[in-house]
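Here is the structure we will look at.
Values in this document were obtained by computation on a predicted structure and should not be read as measured data.
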Amino acid sequence: MNPDDTIHWLIGRLGVSSLPILPAIENPTASELVGAGAASVAIFGAIGAVIFITWLGAWKTLWFDWLTSTDHKRIGIMYIVLALVMLARGVIEGVVMRTQQAFGLDGGFLAPDHFGELFTTHGTIMIFFVAMPLIAGIANYVMPLQIGARDMSFPVMNQISLGLTATGAALIMISLVIAQFSTGSWAAYPPYTGLDFQPGPGPDYWIWTIILAGIGTTMSGINFAVTIYKERAPGMTLFRMPLFTWTMLCTSIIMIFALPPLTVAALMQAADRYLDFHFFTNDLGGNMMNYVNLFWLFGHPEVYLLVIPAYGVFSETIATFSGKRLFGYNSLVFATMAIAVLSFSVWLHHFFTMGQSANVNIAFGIASMCIAVPTGVKIYDWMATMYRGRIRMSVPMIYAIGFFYLFTVGGLTGVMLANPTISYQVHNTLFLVAHFHNVIIPGVVFGLMSGYFYWFPKAFGFRLHEGWGRAIALFWIFGFSFTFFPLYVLGFMGMPRRSVSYTNPAFEPWMMVALFGAGLIFAALVSLFIQLRVSIRDRENLAVPVGDPWNGRTLEWSTSSPPPHYNFAVPPTVEDRDDFADAKAKGRAYQEPDAYEDIEVPENTPIGMIICVFGTLLGFALVFYIWWLALVSAVVIVVAIIARTFNLSTTRTIPAAEVAEEHRAWLAQVRATKAVTREAETKSTNHGLAGLETAPSDGEPA
């Protein structure tokens, strides 16, 4: 074997030319410097994180208390941390794209391929590594508490799901530093992502990122569904479940059935690129429309996979901050079910322009219009909940009001696009970009940011700073409006989407307005981290250890903040739909049980981290054709999974005496804490014990 063959065997197609810093040195254009700068930020950010953890002396704590934990609450927090890190990159990329288009008349500063890479990574990150981890994180933390469970049904699988999601995120971050990501958009349509068009590693990065993260999401869906079906507390029937739990049940079913088509499509695309198959080429029997159908069979249910949990968050926050039961609980449940089912019947409206018959287009157009009906039912139910309620305009309610106005506009433009003739006219314009973001940002981001603020004190024992929270919400609302409403106008003017530049000077003023909006969204991102820093600094004044800072209605608020590892000293017995609100009204909250019992909890395990590390190495090796590393990584993963099955010590027991001591100490703290009214909710006197309020006129508990 000659030296060149040896090097190729060792490092595959990896080389010095894969580093983006080298082109910036050889050809220091603005586009190359932006790429090199992004790579430098990723490198120094990782080094800074290592130095910071070392300075804190927190490596042991990080490993034993977090990275190897099977506690659903800690796994949920890690999902959210991952999502916030990826949010920073996704928002910054969006701002760079808006800046390029604002100055894109006859040019701009980004090369076309660099712009293509940006909109591909932006879409992939925001969908798969911001929205979905935020949903998984909030659901992991909140849902078991809402149903009175000790943990998820499969705690180890839960940890593995996080590991696989982190693997996908790691690969997409590595693409900043080594080689380039795909330029084929987040949908990765062939032939643009085929070997003839993009022989480099970019599409392969996308393929293995999506496959590995998609497997993790499918596993999460199974775990959520089984937990909701099997782990509910005594007395919690399906129609006593909180709305957020209902939305997560429907979401988990979408995860289980919608993610496999995407995984299969990505595997088939890998076979095309690696094994010279022709599933999606126009020769040798292939057909790219097979890919388009598979992708959107995932892609449109995916939209509702993201939106439905946000509906659940709004259901919880609107009821809590209106001081009322949800109006039309049953109709909200059935509307959620209807949306979940209909989401699988509308995928073809994403390619009305691709030559189906008129009858097929009509069928999918009607189905697309029908899905707006259960969504409208939800909005009217939420508005009826607020009617004559005792509304507190806290941060979650600001998001809800912004959602009502902006999401309704997005829904109406969706009904417009459900008409095949209209869709044909505007399909490849910025009108479509405006519509999609008009659904995703108010419908998903607002909901998840609302949930982040709402449940943060439950997770960490102190509230987030209210003033900064209001500023963030307003930055998001006005930033979205200024960024994306101009794109509707530009779409009607005929500006194509994914355009790096343009020649019509009439586009430029609207692009400048969009850039101003992007600046406001960037301000929301910066404010988010400032709020976190300020809240940590002032955590003693914001502390709510008793656990009920908002006068909550559901079971998660009946525990301390943060809750103990085992969640509940004894499993709660549910007597009402809003059981904790009912318990407070009837005086059965904060009672000591007759007896305590030993509690069995899962032991920590490193299996999730092993799969994360070696899954990342496996994906990286497959991208760069380093076959020996791919083989070693795959073998380590398989051996680790098999070895795990021989581990007989998978749980540990918390003695009843320890449970009793911890629970009694918390009850003593409850008795020593002064209850606060809604007027004092944002003040330092709020330690998490809400005062009992007068019941509404309908006689139901407040």
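- Between the CD1 atom of I228 and the CG atom of L249 there is a distance of 4.5 Å, given to the nearest 0.5 Å.
- Q591 CD: more than 12 foreign heavy atoms inside a 6.0 Å radius.
- Remark: F529 CZ is packed, more than 12 non-hydrogen atoms of other residues, nucleotides or ligands lying under 6.0 Å away.
- For the salt bridge (charged side-chain N to carboxylate O under 4.0 Å, His left out) criterion with D576, the lone passing option out of R588, R553, R325 is R325.
- Contact annotation: the side chain of I135 approaches that of L306 to within less than 4.5 Å [non-hydrogen atoms, C-beta and beyond].
- Not one N or O on the side chain of K73 forms a donor-acceptor pair closer than 3.5 Å with the backbone of A459.
- Of the candidates N551, V676, V546, L689 forms a side-chain contact (heavy atoms from CB on, under 4.5 Å) with just one, namely V546.
- The closest donor-acceptor contact from the side chain of R392 to the backbone of E681 lies at 3.5 Å or more, if one exists at all.
- Interatomic distance, CD1 of I308 versus OG1 of T251, reported as 5.0 Å (0.5 Å rounding).
- Between F321 and W550, the ring center distance clears the sub-6.0 Å criterion.
- Between the side chain of R240 and the backbone N or O of V574 there is at least one donor-acceptor pair closer than 3.5 Å.
- No side-chain N or O of T559 forms a donor-acceptor pair with one of N567 less than 3.5 Å apart.
- Within 6.0 Å of CE on M393 lie more than 12 heavy atoms contributed by other residues, nucleotides or ligands.
- In this structure, E316 contributes its side chain and L243 its backbone to a donor-acceptor pair below 3.5 Å.
- Judged by distance alone, the side chains of W59 and T54 do bring a donor and an acceptor atom under 3.5 Å apart.
- Side-chain contact between E600 and Y566: absent, with no pair of heavy atoms (C-beta onward) separated by less than 4.5 Å.
- S315 pairs by the side-chain hydrogen bond (donor to acceptor under 3.5 Å, both in side chains) definition with W382, not counting sequence neighbours.
- A heavy-atom distance below 4.5 Å is not found between the side chains of H465 and L532.
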Test side-chain contact (heavy atoms from CB on, under 4.5 Å) on F404 and M386 and set out the steps.
CA-CA 12 Å; F404 286 151; M386 295 171 64; 3.4 Å; yes
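- Under the 3.5 Å distance criterion, the side-chain polar atoms of T336 are left unmatched by any main-chain donor or acceptor of T247.
- More than 12 heavy atoms of other residues, nucleotides or ligands sit less than 6.0 Å from atom OH of Y329.
- The distance between the ring centers of W246 and Y311 does not fall below 6.0 angstrom.
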Dump the intermediate steps for side-chain contact (heavy atoms from CB on, under 4.5 Å) on T554 and D579, then the final yes or no.
CA-CA 6 Å; T554 44; D579 191 70; over 6 Å; no
Passes side-chain contact (heavy atoms from CB on, under 4.5 Å), M219 versus I160? Steps please.
CA-CA 9 Å; M219 292 167 65; I160 292 171; 3.7 Å; yes
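- Inter-residue side-chain proximity for E658 and I599 is flagged as unmet; no heavy-atom pair is nearer than 4.5 Å.
- Of all heavy-atom pairs spanning F580 and G552, the tightest one is CD2-O, 3.6 Å.
- In terms of modelled atom types and a separation under 3.5 Å, the side chain of N223 and the main chain of P155 share no donor-acceptor contact.
- Between R388 atom CZ and S322 atom OG the span is 13.5 Å, to the nearest 0.5 Å.
- By the neighbour-count criterion of 12 heavy atoms within 6.0 Å, atom CZ of F239 is densely surrounded, having more than that number from other residues, nucleotides or ligands.
- G90 and M126 get closest at one heavy-atom pair: CA-SD, 3.7 Å.
- Between the side chain of Q146 and the backbone N or O of M241 there is no donor-acceptor pair closer than 3.5 Å.
- Counting only N and O atoms by type, the side chains of K324 and T385 include no donor and acceptor under 3.5 Å apart.
- Between the side chains of H663 and Y596, a donor-acceptor pair is found at a separation under 3.5 Å.
- Residues L555 and I147 have side chains not in contact (no heavy-atom distance under 4.5 Å, counting atoms from C-beta outward).
- At least one side-chain heavy atom of Q531 sits less than 4.5 Å from a side-chain heavy atom of S535.
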Candidate pair W476 and Y399, rule ring-ring contact (aromatic ring centres under 6.0 Å, His included), full reasoning
CA-CA 9 Å; W476 271 114; Y399 280 115; 8.2 Å; no
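- Summarising the local packing, CZ of F257 is surrounded by 12 or fewer heavy atoms from other residues, nucleotides or ligands at distances under 6.0 Å.
- Closest non-hydrogen pair, A524 versus F475, comes out as CB-CB, 3.6 Å.
- Between atom NE2 of residue H687 and atom CG of residue D548 there is a gap of 14.0 Å, rounded to the nearest 0.5 Å.
- A donor-acceptor pair under 3.5 Å is absent between the side-chain atoms of T61 and the main chain of A58, judged by distance alone.
- The distance from the OH atom of Y304 to the CD1 atom of I254 is 9.5 Å, given to the nearest 0.5 Å.
- Residues A213 and G168 share a closest heavy-atom pair of CB-CA, 4.5 Å.
- Here the CG atom belonging to D582 is positioned 4.0 Å from the NZ atom belonging to K586, to the nearest 0.5 angstrom.
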Where do Y141 and I80 land on the side-chain contact (heavy atoms from CB on, under 4.5 Å) test, with the steps shown first?
CA-CA 10 Å; Y141 200 99; I80 293 169; 5.7 Å; no
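- A pairwise comparison of heavy atoms in K458 and G547 identifies NZ-O, 3.0 Å as the closest pair.
- In this structure the side chain of L305 reaches within 4.5 angstrom of the side chain of L259, judged on heavy atoms.
- Around atom CD of E661, no more than 12 heavy atoms belonging to other residues, nucleotides or ligands sit under 6.0 Å away.
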Starting from the C-alpha separation in whole Å, work towards a yes-or-no answer on ring-ring contact (aromatic ring centres under 6.0 Å, His included) for F456 and F462.
CA-CA 7 Å; F456 186 95; F462 60 94; 5.4 Å; yes
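- For the pair E603 and T70, the minimum side-chain heavy-atom distance is 4.5 Å or more.
- No donor-acceptor pair closer than 3.5 Å links the side chain of E231 to the backbone N or O of S153.
- At distances below 3.5 Å, at least one donor-acceptor pair connects side-chain atoms of N686 with backbone N or O atoms of P549.
- Residues G447 and V313 share a closest heavy-atom pair of O-CG1, 3.2 Å.
- Two rings, from F244 and W455, have their centers less than 6.0 Å apart.
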